[in-house]
Structures are given as structure tokens and as C-alpha cells.
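Reading through the C-alpha cells given below for one structure.
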Amino acid sequence: MDQDQHPFDEAGGGPELVNEKKQNDVVNEGSLHTTDSVDEAKEARAIEKTNAIRRACDLRDFDALVSYAISEGGFLNDEVRRVAWPILLQCDRRESSHDFSGWEDLSPHVDEEQIQLDVNRSFVYYPDCSSEELSAKKDELSQLIKRVLRKYPMLCYFQGYHDIVQVLLLVLGSHEAAPAVAQISLLRIRDYMLPTLSPALKHLQLLPAIIERADSPLRHHLAEIQPFFALAATLTLYAHDIQEYSDIARLFDFLLAEEPVVPVYLFAAIILSRKKELLEIPEEEPEMLHFTLSKLPNPLDLDGLILSAVRLFKDYPPESLPYGAWNQIPSCSALKSSRGLEQTHSKEEALKLFRKQVRQLRYEEFRDKAVTFLWDHRRTIGSVAVTVFIGAMSIYIRCKGLDSTIWSYLGRLKSALQYRGYL
């Protein structure tokens with residue numbers, strides 16, 4: 001090799017390449033320092049926010065906790081959630097009204113067979129653990145659900161309930177989760193634990209009303225489909241659809257800090273965020289629109305959707321919605337009785353409202369059956385009604401002594417018709 005030739009010349013390099021490499025090393029080193037600085041700043045902000053949330057928990061400052069739950073990242077980690085969630089659900093007091101002692105001796109809940117089937121299919125996406133640990137978690141989940149439903153046997157289990165409970169179990173642990181599950185069942189998702197899901201379907205009718213207020217053209221585009229596509233997500237507080245544990249835990253920060261109606265507003269925000277995609281599907285293909293809306297987009301911009309849902313709720317509160325959608329929700333519904341979460345009803349009041357809802361459902365069911373029966377037998381009923389009416393009129397006429405007069409008039413009418421040749 002020529003003495004003047006640089007070792008990199010054979011590879012097409014030279015002093016310029018060496019200099020460029022040195023410059024790149026300096027740039028990369030600077031980028032690393034910049035990245036480190038950004039990470040350090042981010043970590044410092046997280047620590048500061050964590051400490052602020054803890055202070056809000058110490059003071060039981062609901063407004064502050066709601067603000068932190070809405071902000072980017074929510075409560076950040078499970079350690080903080082274990083303190084904040086019970087406060088939001090108002091089950092953090094030592095003197096909790098939910099006493100689960102001796103629950104094993106209570107009569108089994110009528111749905112325990114279905115509960116076990118669902119528990120066997122639980123923890124599909126998380127946590128990432130061994131088969132032995134997963135089996136232990138399923139046992140904890142089964143015991144937790146049975147503990148609450150045996151304590152409150154009037155509550156009806158619905159498929160998907162276990163999805164909600166498993167999130168509370170993973171964050172709070174089996175002991176602390178029990179009163180939290182009871183609170184969320186009685187005060188947040190009570191409408192879903194009635195003998196039928198008809199109240200849940202009424203909740204869904206709020207969706208088109210929200211979309212109408214926020215984007216009328218999009219509402220017109222979706223006019224041919226019913227909002228049943230949102231049932232699984234709203235029924236399970238999105239726990240059935242979201243696959244990442246960090247995402248569902250962060251979303252629960254928000255949902256537990258807001259009123260029970262807010263999950264519907266969140267789905268409205270999801271629909272609005274997909275406007276371009278939905279408008280590309282022709283109105284004449286309602287099945288495709290329904291299929292698309294029944295699947296949540298992946299990934300979800302949770303922080304952005306949360307802010308959109310908050311804005312929708314503020315701009316178009318339930319009382320302002322068109323189509324009389326809010327009026328269709330009964331006053332004993334959890335959506336109306338839990339407005340303003342700081343003044344949450346007691347357990348006894350919640351159970352009283354539950355019983356009132358059950359009576360309303362039975363009345364509505366009886367009314368609907370009666371209307372259906374009358375409609376299905378309208379011809380027979382009409383004939384019977386005419387016969388009964390004629391019989392009643394005959395009796396009335398005879399009792400009033402009008403029969404001879406009427407027959408006299410009918411006799412004269414017959415004679416006149418015969419005279420004119422009509423008979």
C-alpha cells in the first residue's frame with residue numbers, strides 16, 4: 001500500500017470519511033445527551049405529578065383528582081391508582097358499608113355457573129405471567145365476583161362483568177377490590193345488572209343524539225343503523241375491547257372520575273374521530289357501517305379521545321340532547337342518580353333505586369306484552385267488541401222502553417222502501 005494512501009482509500013473512503021465519522025460521533029453524542037435530557041425532564045414531571053396526585057388523595061380533593069385523571073397519562077401507575085380509585089368510588093374509608101364477612105356461607109348466586117364459564121375465559125390479553133399464576137388469578141377473580149353477588153343477590157350478572165372486575169382486581173388486589181366492585185356495581189353500572197338489558201339499549205339511544213348535535217351530516221350518514229354496535233364497549237367500560245393493560249388502566253382513571261353517562265360520550269368521540277373512514281362507506285351499506293363501528297380502532301389515541309369526550313359532555317350535556325333521548329332515561333337510572341359524583345347515594349339508596357327500576361321494568365314488560373297481544377288479536381277483539389257493544393245497546397234500549405218506538409220507525413222505513421221499489 002502506498003505510504004501516502006489512507007487505510008480507508010481502498011474502500012472508497014479517505015480523510016473526508018474519517019472527518020465525517022468524527023462529526024457524526026459528535027452529533028450522535030449530542031443527540032444522546034438531548035434524549036437523556038428529555039427523558040430526565042419527563043421523569044421529573046412524572047414524579048411531580050405523582051406527588052401532586054398523592055396530595056390530592058390526602059385531601060380527598062375530587063376536583064383535583066378529576067383534573068389529573070383527564071390529563072395526559074392519567075394517574076400514571078398502579079401504585080397511585082391503588083390510592084386514587086377507592087377515593088373516586090368512595091370506598092376508601094375503613095368503616096366501609098360493605099361487609100363481606102361470612103360470604104362463603106351465603107346462598108350461591110343464580111348465575112354462578114355462567115360466572116365460572118366466563119372466568120375460565122378471562123385474562124386473555126393480560127397479565128403476562130405463568131400458567132400457575134394465571135390459574136391463581138382466575139380463582140381470585142371467581143371468588144371476588146361471587147363475594148359481591150352473594151352479598152347483593154338481586155344484582156344480575158351479565159357477560160362482560162368479569163372484564164370490568166378483572167381490571168379492578170389487577171390494580172387493587174382481591175381484598176381492596178371487593179368494596180370497589182360493590183360500589184361500581186351499585187352506583188355506576190347498576191342499569192346493566194337489572195333482569196334485562198333494555199335500560200342499556202336506552203343508553204345507546206343517546207349516541208345518535210350526541211352525534212346529531214356535534215356533526216349533523218355524519219349523523220345523517222349513519223341514520224340507517226341502530227347504535228347497538230356500541231353495546232359491548234359501553235357495557236364493559238371498554239374492558240372487553242381494549243387489549244393493553246396499561247391502556248385500560250389509564251382509561252379507568254378517566255371513567256371512574258366521571259359520571260356513568262360519560263362512556264357513551266367517549267364512544268361518540270370515537271365515532272367522530274373516524275368521520276373520514278365512515279363517510280367513505282356508502283350509506284347503502286349499513287351492514288358494513290355497523291361492522292366497522294363495532295370494532296374499535298387500533299391503536300386508540302386515548303388521551304386525545306378523553307379530551308374530545310370531555311369537550312362533548314361540556315358542550316352538549318345530556319339535558320340538551322335532541323330526540324328526547326335523555327327523557328327516555330328513567331329518574332332511577334344510575335345515569336341520572338349519579339350526577340355529581342361527590343354526592344353519591346348510599347348503599348341503601350342505591351338498592352332502593354334498583355328495586356324501583358325492577359318494578360318499572362316489570363310494568364314496561366307487562367305493557368308491551370299487552371299491546372302485542374291486542375295487536376296480534378285485533379280482528380277477533382274487534383268482532384267481540386262490536387258484538388258486546390250491540391248487546392249492551394240492546395239491553396240499554398229495552399231498559400229505557402225505547403224498543404217499541406225504534407221498531408215502529410224501522411217498520412215505517414221498511415214500508416217506505418217497499419213503496420219506492422227498493423225492497
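Both backbone and side-chain heavy atoms feed into the values below; hydrogens, waters and symmetry mates do not. Because the structure is predicted, anything quoted here is derived from the model rather than measured.
- At least one side-chain heavy atom of R60 sits under 4.5 Å from a side-chain heavy atom of D92.
- Between I184 and V181, the closest heavy-atom pair is CG2-O, 3.3 Å.
- The structure places CD of Q357 at 10.0 Å from OG of S198, a figure rounded to the nearest 0.5 Å.
- Of the possible donor and acceptor atoms, none in the side chain of H162 sits under 3.5 Å from a partner among the backbone N and O of I115.
- Between A182 and Y152, the closest heavy-atom pair is CB-CE1, 4.0 Å.
- Side-chain atoms of Q205 and Y323 include no donor-acceptor pair closer than 3.5 Å.
- A distance of 5.0 Å separates CG in L204 from OG1 in T234, rounded to the nearest 0.5 Å.
- How far CG of L272 is from CZ of R219: 12.5 Å, rounded to the nearest 0.5 Å.
- Proximity of K356 to S331: side-chain heavy atoms (C-beta onward) are separated by under 4.5 Å at one or more points.
- E258 places a side-chain heavy atom less than 4.5 Å from the side chain of I70.
- Between R150 and E112 there is a salt bridge, since at least one side-chain N of the basic residue sits less than 4.0 Å from a carboxylate O of the acidic one.
- The CG atom of L65 sits 12.0 Å away from the CZ atom of R55 when rounded to the nearest 0.5 Å.
- Between the S67 side chain and the D63 main chain, no donor and acceptor come within less than 3.5 Å of each other.
- One distance of note links CG of L296 with CG of D241; it measures 4.5 Å at 0.5 Å rounding.
- Checking side-chain atoms of K336 against main-chain N and O of I329 turns up a donor-acceptor pair under 3.5 Å.
- Checked by atom type and distance alone, the side chain of Y238 pairs as donor or acceptor with a backbone atom of P263 at under 3.5 Å.
- The closest side-chain heavy-atom distance from R45 to K42 is below 4.5 Å.
- Here the CG atom belonging to L256 is positioned 7.5 Å from the CG atom belonging to L237, to the nearest 0.5 angstrom.
- Side chain of R190 to backbone of C332: a donor-acceptor contact under 3.5 angstrom is found.
- Side-chain atoms of P317 and W326, non-hydrogen and from C-beta on, never get closer than 4.5 Å to each other.
- With hydrogens and angles ignored, the 3.5 Å screen pairs no side-chain donor or acceptor of R147 with any backbone N or O of A178.
- A salt bridge links R274 with E277; the closest basic N to acidic carboxylate O contact falls under 4.0 Å.
- D111 is not listed as a side-chain neighbour of F158, based on a closest heavy-atom distance of 4.5 Å or more.
- Counting only N and O atoms by type, the side chains of D253 and W85 include a donor and acceptor under 3.5 Å apart.
- Side-chain contact of D118 with Q114: a donor-acceptor pair under 3.5 Å is present, judged by distance alone.
- Formation of a donor-acceptor pair under 3.5 Å by the Y161 side chain with backbone atoms of C156 is not found in this model.
- Using a 4.0 Å cut-off between charged nitrogen and carboxylate oxygen, D303 and R250 count as a salt-bridge pair.
- In the displayed structure, E224 atom CD is contacted under 6.0 Å by at most 12 heavy atoms of other residues, nucleotides or ligands.
- Salt bridge absent: E133 and K137 never bring a charged side-chain N and a carboxylate O closer than 4.0 Å.
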Next on the checklist: Evaluate D139 against Q143 for side-chain hydrogen bond (donor to acceptor under 3.5 Å, both in side chains), listing each step before the verdict.
Outcome noted: CA-CA 6 Å; D139 287 342; Q143 297 294 312; over 6 Å; no
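- Note on D315 versus R213: no salt bridge recorded, every NZ/NE/NH1/NH2 to OD/OE distance being 4.0 Å or above.
- Heavy-atom contacts from other residues, nucleotides or ligands closer than 6.0 Å to CD of E104 number more than 12.
- The backbone N or O of I211 sits nowhere less than 3.5 Å from a side-chain atom of D215 that would complete a donor-acceptor pair.
- Using a 3.5 Å distance cut-off with no hydrogens or angles, the side chains of D191 and S333 do pair a donor with an acceptor.
- For K146 (side chain) and P108 (main-chain N/O), no donor-acceptor pair under 3.5 Å exists by modelled atom type.
- Remark: H203 engages Y192 in a ring-ring contact (aromatic ring centres under 6.0 Å, His included) (not counting sequence neighbours).
- When all heavy atoms of H109 and P153 are compared, the closest pair comes out as NE2-O, 3.4 Å.
- Residues passing the ring-ring contact (aromatic ring centres under 6.0 Å, His included) test with F123, sequence neighbours excluded: none.
- Taking every heavy atom of both residues into account, P318 and V261 meet most closely at CG-CG1, 4.3 Å.
- Across A309 and A269, no two heavy atoms sit closer than the pair N-CB, 3.9 Å.
- Between V358 and R362, the closest side-chain pair of non-hydrogen atoms falls below 4.5 Å.
- Ring orientation note: the planes of F229 and H290 are nearly perpendicular, at an angle over 60° on the 30°/60° scale.
- For the residue pair E259/S338, the side-chain donor-acceptor check at 3.5 Å is not satisfied.
- For the residue pair H98 and Q183, a side-chain donor N or O sits within less than 3.5 Å of a side-chain acceptor on the partner.
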Output side-chain donor-acceptor pairs under 3.5 Å for residues 71-79, partner residues at least two apart or in another chain, one line each.
residue : atom : partner : partner atom : Å
S71     : OG   : K49     : NZ           : 2.8
S71     : OG   : Y68     : O            : 2.7
N77     : OD1  : E79     : N            : 3.1
N77     : OD1  : V80     : N            : 2.9
D78     : OD1  : R81     : NH1          : 2.9
D78     : OD2  : Y245    : OH           : 2.4
E79     : OE2  : R54     : NH2          : 3.1

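- Here the side chains of R188 and L89 are in contact, with some heavy-atom distance below 4.5 Å.
- When atom types are taken as modelled, the side chain of S142 and the backbone of K138 share no donor-acceptor pair closer than 3.5 angstrom.
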